[in-house]
Every structure is written in C-alpha cells, then in structure tokens.
There are 2 protein chains.
Amino acid sequence: MKMKVKEVADLVGISVRTLHHYDAIGLLTPEETTDTGYRYYSERNLETLQQILFFRELEFPLKEIKNILSEPSFDRQQALQLHRKLLLEKRERIDQMIATIDKTTQYIKGERDMSNEEKFQGFNFNHNPYEEEARKLWGAKAVEQSNTAFENKAVGEKMNDIYRKLAHLTNTPPESAEAQTAITEWYEFLNTHTGHHYTLEAFKGLGHMYIADERFTTNIDQFGAGLAQFMSEAMTFFADHNKN
Amino acid sequence: MKMKVKEVADLVGISVRTLHHYDAIGLLTPEETTDTGYRYYSERNLETLQQILFFRELEFPLKEIKNILSEPSFDRQQALQLHRKLLLEKRERIDQMIATIDKTTQYIKGERDMSNEEKFQGFNFNHNPYEEEARKLWGAKAVEQSNTAFENKAVGEKMNDIYRKLAHLTNTPPESAEAQTAITEWYEFLNTHTGHHYTLEAFKGLGHMYIADERFTTNIDQFGAGLAQFMSEAMTFFADHNKN
DNA sequence: ATTGACCCTCACGTTACGTTACACTTTATA
DNA sequence: TATAAAGTGTAACGTAACGTGAGGGTCAAT
C-alpha cells in the first residue's frame with residue numbers, strides 16, 4: 001500500500017507542494033524514498049497526516065505540530081479527544097457569528113438595537129486568553145522549543161524543575177513559606193519567559209484554569225497527582241497576599 | 001463617536017497593526033485623520049469592519065474583499081445572507097470532522113473498519129470544487145480584477161460578452177446551433193482562463209449548480225431572466241453530445 | 001521506442017500581518 | 001503646568017505556509 005504524492009494529495013485534498021513542504025520541514029517524511037527520489041507514503045504516514053490536518057484546522061503552527069507529534073508522551077487518543085473538544089468550541093464560535101448576522105440583519109431593518117460589542121460577537125478569539133497558555137502546556141516543552149530553539153532547552157528544563165519542586169510540596173499547605181517561594185519563582189518565570197506580563201489577577205485566573213480546564217489538569221498532574229489543585233491554591237494565595 | 005485605533009482593535013479583537021495594514025491597502029480607511037496623523041474610526045467604519053471580518057473568516061483574500069466591498073452593486077443584506085449560508089456549510093464541515101474523529105477513535109480500538117477516504121472526511125474542501133467558481137461569479141469582475149490586474153480587464157469583458165451573448169438566446173432552444181456555439185465558447189473560455197480543466201462531466205455538473213445554488217442563479221440572471229436555467233440546459237446538452 | 005502523465009529539486013514570489021526601532025501626541029497625574 | 005505614561009505614527013525588515021514556474025528526470029502504457 002504505497003502511495004505516490006499525487007495520490008495522497010488527491011485523497012486528502014491538499015497540494016503536492018504541501019506534501020513537499022511537510023517533507024522539507026520534517027513534519028511528514030514519507031516512509032520510503034526510492035533512489036530516484038520518488039516519495040512513497042505508507043498507511044502510517046496517512047494517519048500522521050490526518051493528525052496534522054486536525055491540528056492545522058485548529059490553526060496550530062506547523063512547527064508546533066511537529067514538536068507535539070514527535071514528543072514521546074504523545075497519545076493519539078488523547079489528541080483526538082482534544083481535537084474534538086476544540087472543534088466543538090469552534091462550532092460554537094460559528095454559531096455565535098450566525099447569531100450576529102441575524103441580529104445585524106434585524107438591526108439594519110431597524111427592528112432592534114445593537115451594541116458595538118454585539119456587532120463583533122464570535123470574532124473575539126482573544127476571548128479565551130488562556131488558549132495560548134494551553135498550547136504551551138500541552139506537551140510542555142514542545143511549544144517552548146518551537147520558539148527560540150537554543151536557549152529554550154534550558155528554559156524547558158527550568159520549567160520542569162519548578163514543576164517538580166512544587167510536586168514535592170503538595171502535602172504541605174499552599175500558604176507555607178516553601179510553597180510560596182516556589183510559586184513566586186513560577187510567577188517570575190512566566191513573566192520573564194513567556195513574553196506575557198501577568199498581572200496578579202491574571203496569574204490568579206491562570207491558576208483557576210489549572211483545575212477548570214482538564215487539558216491543564218491532566219498535563220500538570222503528570223508531575224504529581226494533585227499538583228494542579230495545589231498550584232491553583234498557591235497561586236490564589238500568592239495573588240491575594242501581594243497586592244501591597 | 002470617534003474611536004482610536006486601539007479602542008477599535010480591543011473591541012473587535014484584532015491588532016493595531018492589522019488596522020494599519022487595512023488602511024495601507026485601502027481596505028478600511030478611517031473616516032477622519034487628524035493633521036497629527038491620528039486615525040479616528042466612525043460608526044460606519046465599524047460596520048465595514050464587521051463585513052470585512054466575516055469575509056475573512058470565510059478565507060476570502062483581502063484584495064478580493066476590497067473589490068467586493070467597493071463594487072457599486074454590493075448589497076449588505078445579500079452579503080450577510082451569503083455569509084450565513086457559508087458559515088452553515090463551514091459548520092457542517094466541522095461536524096463531519098467530529099464524526100471522523102469519532103470513527104477514528106473506534107477504528108483505533110479495533111471496533112470498526114475505515115477506508116482511506118473516510119479518514120479525511122471533512123478536510124476535503126475541494127469536495128465542493130464550485131466554491132471557487134462561486135467566488136468568481138459573486139461580483140463577477142470583482143474577483144477577476146484581483147488576479148493579474150491588467151489583462152484581466154479584457155478577460156472580464158470577454159466573460160461578460162459571453163453571458164450577454166447567451167442572454168440574447170434564452171428564447172431559442174438550448175440545443176440550437178447558436179446556443180451550442182456560444183456554450184462551446186463558454187466551455188473553452190473556462191478551460192483557458194480559470195486554470196481549471198473541466199471535463200465534460202464537470203462542465204455538466206457546473207451547469208447543474210447554476211440552478212441548484214441560488215448564489216449562481218441570482219448572479220447569472222443579472223444578465224437576463226432565466227439565463228441560469230438556459231445555460232444549465234445548454235451545458236447538459238453540450239456535454240452529452242460531445243463525448244467523442 | 002515513444003509519449004503523456006508524474007516526479008524531482010531549486011528558487012523566487014505572495015499574503016497578511018508580526019516585530020522592532022525611533023519619534024511624536026495625548027492624557028493622566030502630581 | 002510640568003512631566004511621565006500610554007498611545008500613535010511611519011518606516012522597514014521578518015515570517016509562515018505554501019504558490020508558481022523553470023528545467024530536467026521517471027514510469028507505465030501504447
């Protein structure tokens with residue numbers, strides 16, 4: 001079951017150039033390449049391609065997709081479930097946009113009023129500002145590495161260090177001095193390495209996400225059971241007690 | 001009610017740079033610009049922006065959006081209805097992808113079988129190969145102009161010529177020699193100017209779309225009542241009688 | 001043996017912004 | 001009213017994900 005480029009391209013509805021590109025950047029390397037240079041894609045290649053397209057549909061950058069797929073901890077089933085969830089969210093956004101259209105139609109006819117915010121319901125993807133952070137956590141280092149490539153190895157390690165440090169403290173109270181010291185480190189880490197400046201409120205909000213969104217929870221808990229819960233509490237305490 | 005760049009950007013969830021860009025390419029020019037160079041956006045600007053974002057969501061290139069919006073025949077209501085329809089289609093694609101995910105999950109567990117085509121259900125946008133053509137028709141020249149700019153003027157004219165020629169024949173039978181000559185010209189026109197090669201079957205299918213899809217119908221009928229119906233029949237006849 | 005449909009590798013082009021860099025304005029605050 | 005903070009302006013180069021030829025081999029069928 002070996003397929004040539006065009007066959008694959010036609011099957012999945014992408015261009016030959018795209019397959020070439022994916023090969024070039026190492027995202028999808030054909031299982032076999034003849035000595036005349038012909039690419040032959042296997043069944044497994046097709047399955048990887050399916051994954052890639054799901055990620056792409058959700059607008060993940062290719063570099064990130066590559067990292068995620070190549071991570072040893074990558075689990076296809078889990079990924080599919082995540083995709084499912086994100087697709088549902090996307091569908092909801094579309095529904096919102098349709099609603100906005102209907103409202104606008106009425107508004108034009110003078111049948112109703114409309115606030116400026118309403119006029120843009122559904123577009124606001126920045127409506128969930130943690131999506132970005134979710135990507136970072138989902139396959140922790142994966143995304144980090146996709147950024148500046150070199151010093152990030154150290155950065156990824158640092159990140160893991162902090163997680164591990166915190167994981168050792170999960171049976172001490174989140175308000176304890178050690179816990180707060182570690183959380184302070186986490187706060188500073190995020191502010192110096194994500195490009196994002198976190199206000200205390202945002203930091204607290206992020207903490208909530210750790211337990212509200214299972215994507216966060218499952219990934220954080222890989223470093224130790226209950227870590228997400230623990231971090232969330234510690235982050236809340238930190239935020240509430242540093243508003244000088 | 002004058003708004004500055006950042007206010008607009010924050011309201012609709014895009015970047016300031018994007019607004020600058022839209023201004024630079026003449027897609028959205030702020031209603032007022034102070035002598036210090038500050039951009040001030042009006043209510044009307046916001047409404048245009050809403051339109052732009054709808055088009056963008058449906059992946060129309062900016063150049064095309066610009067042409068469409070600036071066409072005198074542009075009707076906001078009609079546009080909104082088209083957007084609505086396309087969004088519904090997009091939602092359906094998402095549903096298909098979700099179904100594909102569910103199937104894949106079962107497939108992995110060995111609970112069912114799955115063909116290669118099934119694995120990519122929902123991605124295949126080229127599944128509706130007429131979308132492209134729909135864009136071309138929707139604001140006929142608008143899209144054409146967006147391509148190579150100069151010789152396209154001639155091409156657009158040619159296109160209109162053929163439409164007009166056919167419109168004059170709507171009360172002759174579609175099998176008549178004149179009608180078939182004109183349709184042949186149309187067939188050749190499409191094959192030489194769209195980059196797409198139309199097989200006879202595809203040509204016939206396109207003809208069906210002219211009456212099946214109202215987007216086509218309304219636009220074609222602008223050249224004469226019943227033209228879409230007429231062309232459809234002539235195209236079918238042409239296809240059926242030219243299979244060597 | 002030939003031909004038409006595919007395949008390859010460059011390599012430059014394109015779209016829609018992101019990202020500094022650097023200077024000027026406006027607004028909030030002391 | 002001075003001064004800082006926040007916002008805004010114009011360059012101008014960078015980037016992601018391919019598109020689009022150019023020029024030249026390869027394969028399967030006739």
Side-chain angles (χ1 to χ4, degrees), chain A residues 2-30 32-41 49 52-53 55-67 123 125-126 132 135 143 146-149 194-197 199, chain B residues 2-30 32-41 49 52-53 55-67 123 125-126 132 135 143 146-149 194-197 199:
Chain A
K2 300 184 301 182
M3 292 176 77
K4 286 194 267 188
V5 266
K6 191 168 189 297
E7 297 179 87
V8 176
D10 287 346
L11 172 64
V12 316
I14 60 180
S15 74
V16 169
R17 175 67 172 102
T18 298
L19 286 170
H20 282 177
H21 184 58
Y22 289 176
D23 188 8
I25 64 174
L27 177 57
L28 181 65
T29 314
E32 197 191 326
T33 311
T34 68
D35 32 0
T36 55
Y38 275 44
R39 278 165 254 252
Y40 281 98
Y41 293 85
L49 182 53
I52 292 172
L53 294 184
F55 277 111
R56 199 184 64 167
E57 174 72 23
L58 296 164
E59 277 141 294
F60 279 64
L62 298 185
K63 203 180 291 185
E64 208 167 303
I65 299 179
K66 182 182 169 187
N67 289 329
F123 294 113
F125 349 77
N126 68 348
E132 185 192 336
R135 291 185 174 186
V143 183
S146 76
N147 292 334
T148 353
T194 61
H196 236 76
H197 173 70
T199 63
Chain B
K2 301 184 300 182
M3 291 176 77
K4 287 195 269 185
V5 267
K6 192 167 188 298
E7 297 179 86
V8 176
D10 287 346
L11 172 65
V12 315
I14 61 180
S15 73
V16 169
R17 175 67 172 103
T18 298
L19 286 169
H20 282 177
H21 184 58
Y22 289 176
D23 187 7
I25 64 175
L27 178 58
L28 182 65
T29 314
E32 195 190 327
T33 311
T34 67
D35 34 359
T36 54
Y38 275 42
R39 278 165 256 253
Y40 281 98
Y41 292 85
L49 183 53
I52 293 172
L53 293 185
F55 278 111
R56 200 183 65 166
E57 175 72 22
L58 295 164
E59 277 141 294
F60 279 63
L62 298 186
K63 202 179 292 185
E64 206 167 305
I65 299 179
K66 184 183 169 186
N67 289 330
F123 294 115
F125 347 78
N126 68 347
E132 184 192 337
R135 290 186 175 188
V143 184
S146 77
N147 292 334
T148 351
T194 62
H196 238 76
H197 173 69
T199 63

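Chain identifiers are assigned alphabetically (A, B, ...) following the order of the sequence lines, protein sequences preceding nucleic acid strands; residue numbering begins at 1 within each chain.
- Residues of residues 15-28 of chain B having a heavy atom closer than 4.0 Å to DNA chain C, listed by number: Ser15(B), Arg17(B), Thr18(B), His21(B), Tyr22(B).
- The CG atom of Asp10(B) sits 13 Å away from the C1' atom of dA6(D) (whole-angstrom rounding).
- Rounded to the nearest 0.5 angstrom, Leu62(A) CG and His21(A) NE2 are separated by 5.5 Å.
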Leu49(B) and Tyr41(B): CA distance, side-chain angles, deciding distance, side-chain contact (heavy atoms from CB on, under 4.5 Å) verdict: CA-CA 10 Å; Leu49(B) 183 53; Tyr41(B) 292 85; over 6 Å; no
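- With hydrogens and angles ignored, no donor-acceptor pair closer than 3.5 Å exists between the side chain of Tyr38(B) and the base of dG9(D).
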Please list, pair by pair, any protein nitrogen or oxygen found under 3.5 Å from a nitrogen or oxygen in nucleotides 22-24 of chain D.
none

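- Nucleotide dC18(D) holds its C1' atom 15 Å from the CD1 atom of Ile52(A), rounded to whole Å.
- Phe55(A) and Ile65(A) get closest at one heavy-atom pair: CB-CD1, 3.4 Å.
- Looking at the side chain of Val5(A), the nearest of the listed nucleotides dT25(C), dC18(D), dC7(C) is dC7(C).
- Considering only side-chain N and O atoms, Thr36(B) lies nowhere under 4.0 angstrom from the phosphate OP1 or OP2 of dC24(C).
- A residue-by-residue look at Leu62(A) and Glu7(B) shows that Glu7(B) has its nearest nucleotide of DNA chain D further toward the 5' end.
- Taking atom CZ on Phe60(A) and atom C1' on dA17(D), their separation rounds to 17 Å, with Å as the unit.
- For the OP1/OP2 pair of dC18(D) and a distance below 4.0 Å, the side-chain nitrogens and oxygens of Arg56(A) include at least one atom meeting the criterion.
- Put simply, the side chain of Glu7(B) gets close to the backbone of Lys4(B): a donor and an acceptor are under 3.5 Å apart.
- To the nearest angstrom, P of dT26(C) lies 8 Å from CG of Asp35(B).
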side-chain contact (heavy atoms from CB on, under 4.5 Å) between Val5(A) and Tyr38(A), worked out: CA-CA 8 Å; Val5(A) 266; Tyr38(A) 275 44; over 6 Å; no
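- Taking atom CD of residue Glu64(B) and atom C1' of nucleotide dA16(C), one finds them 15 Å apart after rounding to whole Å.
- Residues Ser15(A) and Ala9(A) come closest through the heavy atom pair C-CB, 4.1 Å.
- The side chain of Lys6(A) approaches dC7(C) more closely than any other nucleotide in the set dT26(C), dA16(C), dC7(C).
- Side-chain nitrogen and oxygen atoms of Lys63(A) include at least one within less than 4.0 Å of the OP1 or OP2 phosphate oxygen of dA16(D).
- Leu53(B) has its CG atom 14 Å from the C1' atom of dC17(C), to the nearest Å.
- Atom NZ in Lys4(B) sits about 6 Å away from atom P in dT8(D), given to the nearest Å.
- Taken from CD1 in Ile52(B) to CD1 in Ile14(B), the straight-line distance is 8.5 Å, to the nearest 0.5 Å.
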Atom pairs and distances, side-chain donor-acceptor, residues 22-30 of chain B, under 3.5 Å, sequence neighbours left out:
unit_1   : atom_1 : unit_2   : atom_2 : d
Tyr22(B) : OH     : Arg56(B) : NH1    : 3.3
Asp23(B) : OD2    : Arg39(B) : NH1    : 2.6

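- The nearest whole Å value for the distance from the CZ atom in Arg39(B) to the P atom in dT25(C) is 15 Å.
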